[in-house]
Amino acid sequence: MAEQPWGQPYPVRPQQQPYGQPWQPVPTAQSAMRASNTDRDRTVDVLKAAYAEGRLSREEYGQRFDAVHAAQTYGQLAQLVADLPAGPMPGPFGPAAPGLPAAYGPVPVSLPMPVPARRVNGMAITSLALGVLSLPTLGAAGLGAVATGHVAKAQIRARGDEGTGLATIGLVLGWLSVGGWVLLFLLAGLGALD
């Protein structure tokens, strides 16, 4: 090996891949991470798709299938699907997401955050619960259902919460039980006058 004037050898050039060899993924920090059964299943899905599309022969599919189940790391899994289109996507798609093996495609496009659902008013839930409890308690919880139902309706209008239907059902059940008690007292009062 030739030496430089100061006595150190010339740096050795990295060996180039011969023309026609499949692209191999660049080793990354995640290549050494241990693969899980789910990662192996995803890699098998890539192989199944390639076999169904005619990209792999039956023998090659069988060899790679066996190699997937023997693979221990992400790097080993990535090498098995490196020459398949569903494997690593170099070029315009960009590098694989950090923390994911390269076999699972490009970084997903960030989507706008979904609008959080409006919360259900707690007084509306209480009104419904008391309205339903007024039936087995023979109307004892009816006044509570009416009171919490009206408070819930006011809070829903003011805050924009969900739960209008719950408050309405609680109000209806509460007013029915209150009406039943009023009717009972009226009938008892009329019966006492006779």
Side-chain angles (χ1 to χ4, degrees), residues 1-126 128-129 152 155-156 158-166:
M1 174 186 273
E3 292 186 9
Q4 295 178 359
W6 51 87
Q8 293 183 354
Y10 284 110
V12 179
R13 288 168 125 195
Q15 207 172 22
Q16 302 263 335
Q17 277 190 334
Y19 179 76
Q21 291 294 320
W23 176 84
Q24 293 296 317
V26 177
T28 61
Q30 67 205 24
S31 296
M33 287 178 41
R34 300 207 32 113
S36 69
N37 289 333
T38 305
D39 299 321
R40 290 182 191 88
D41 291 341
R42 289 183 189 139
T43 305
V44 167
D45 290 341
V46 171
L47 293 175
K48 285 180 186 176
Y51 178 67
E53 294 169 354
R55 298 179 192 276
L56 295 175
S57 66
R58 170 180 254 147
E59 294 80 26
E60 192 174 14
Y61 172 73
Q63 290 170 352
R64 290 187 188 200
F65 183 84
D66 293 338
V68 164
H69 292 291
Q72 296 291 319
T73 64
Y74 283 142
Q76 292 170 342
L77 292 176
Q79 286 179 349
L80 294 172
V81 294
D83 59 341
L84 300 174
M89 306 252 184
F93 297 111
L100 293 176
Y104 303 114
V107 177
V109 178
S110 61
L111 298 174
M113 293 296 293
V115 178
R118 296 188 301 177
R119 66 183 201 97
V120 178
N121 187 286
M123 293 299 272
I125 296 170
T126 305
L128 176 65
Q155 288 179 352
I156 288 170
R159 298 182 195 163
D161 293 343
E162 293 285 332
T164 306
L166 300 176

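Heavy-atom basis, side chains included; hydrogens, waters and symmetry copies ignored.
Side-chain contact of D39 with S36: a donor-acceptor pair under 3.5 Å is present, judged by distance alone.
With sequence neighbours left out, R118 forms a side-chain hydrogen bond (donor to acceptor under 3.5 Å, both in side chains) with E162. Taking L47 as the reference, L56, Y61, R64, V68, V81, L84 meet the side chain to side chain contact (heavy atoms under 4.5 Å, CB included) condition, with sequence neighbours excluded. For Q155, the side chain to side chain contact (heavy atoms under 4.5 Å, CB included) partners are N121, M123, V151, R159, not counting sequence neighbours.
Closest non-hydrogen pair, A71 versus L77, comes out as CB-CD2, 3.6 Å. The shortest heavy-atom contact between A124 and G163 is CB-O, 3.3 Å.
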What's the verdict on side-chain contact (heavy atoms from CB on, under 4.5 Å) for Y74 and R34, showing C-alpha distance, side-chain angles and the deciding distance? CA-CA 6 Å; Y74 283 142; R34 300 207 32 113; over 6 Å; no
Using the rule given for side-chain contact (heavy atoms from CB on, under 4.5 Å), can you reason through V120 versus I125, listing the C-alpha separation, both sets of side-chain angles and the distance that settles it, and then say yes or no? CA-CA 8 Å; V120 178; I125 296 170; 3.8 Å; yes
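Note: L166 CG to T126 OG1 = 10.5 Å, rounded to the nearest 0.5 Å. Considering CD of E60 and CG of L80, their distance stands at 10.5 Å, rounded to 0.5 Å.
Using modelled atom types, one side-chain atom of Q76 and one backbone atom of T73 make a donor-acceptor pair closer than 3.5 Å. Under the 3.5 Å distance criterion, the side-chain polar atoms of R40 are matched with a main-chain donor or acceptor of A35.
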